[in-house]
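We count ligands from 1, going down the list as the structure has it; atoms in each ligand are counted the same way.
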Amino acid sequence: MDVLNDIKERLEFLKEMGVIELPISMAPQVKAESVASKDAPLSERVRECKKCALSSERINAVPGAGNAGRGIMFVSMMPAEEEDREGRLFSGKGGELLLLIITGALKMTRDDVYVTNVVKCRGKGGRFPSDAEIRECLPYLEEEINTVRPKVIITLGDGAINALLNRSQGVARLRGKFYSYKGIKLTPIYHPMELVEKPSLKRETHEDIKMIISELNP
Ligand code: SF4
């Protein structure tokens, strides 16, 4: 019964975002795949990194994963609790919901996108990283961007967009348009967990996704 409720909840999540059909081939997969081998050197450096204080608070460093064959890189602020515990992306509820956006709204697969965080380690209790910690970790993200060369970077939630654009307004004020980050188009959407907590944000997210699709398919 829990499984049925879970499926119902996911379908309602997509329906409220304006997604009316979900091809079977794009049905959400709960389990993440392993980090792409081409990212192994960066992955190893991240997993062993002790450049900032977050290294003593994390359980696992979580490097980015995937590829941007379809031109998209998602950037969240930091690993979720489950991702910190398991050392890989897409481990928790937020990851599952992001997967629904990728498959249901963008009509892509998990392998079509690259997913990463501004900082690769989660602090105690999920504390927000300091400016110094963000600065220390940013070179990893920049290396990922240089390697993946996405057409569009999509940030998830207030923390990521504020950190990358050095702003403080958050998604509500900054959404709906493109900015430039290192010469690449960047736009924010709400974090998937925010959509669960505040379903009214799904309509705006649907509009944002449509804008991104138009950018990718002019
Ligand atoms: Fe290294 Fe980044 Fe983790 Fe700090 S947050 S220890 S810089 S990987």
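Counting heavy atoms closer than 4.0 Å to ligand 1, residue Arg58 contributes side-chain atoms (C-beta onward) but none from N, CA, C or O.
Counting only protein N, O or S atoms, the number found under 2.8 Å from atom 1 (Fe) of ligand 1 is 1.
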**Study point:** Worked verdict on Thr187 versus Asp208 for side-chain contact (heavy atoms from CB on, under 4.5 Å)
**Key:** CA-CA 9 Å; Thr187 191; Asp208 295 340; 6.0 Å; no

**Study point:** Full working for side-chain contact (heavy atoms from CB on, under 4.5 Å) between Phe90 and Arg88
**Key:** CA-CA 7 Å; Phe90 289 95; Arg88 63 186 174 91; 5.5 Å; no

Practice item. Report the C-alpha separation of Glu82 and Arg85 in whole Å, then their side-chain angles, then the decisive distance to 0.1 Å, and conclude whether the salt bridge (Lys or Arg N to Asp or Glu O under 4.0 Å) test is met. Key: CA-CA 5 Å; Glu82 299 88 344; Arg85 199 178 312 126; 5.6 Å; no

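Note that the NZ atom of Lys151 and the CD1 atom of Ile212 stand 13.5 Å from one another [nearest 0.5 Å].
The side-chain tip of Lys51 points at the ring of Tyr140 from less than 6.0 angstrom away and within 45° of straight on.
Using a 4.0 Å cut-off between charged nitrogen and carboxylate oxygen, Lys210 and Glu207 count as a salt-bridge pair.
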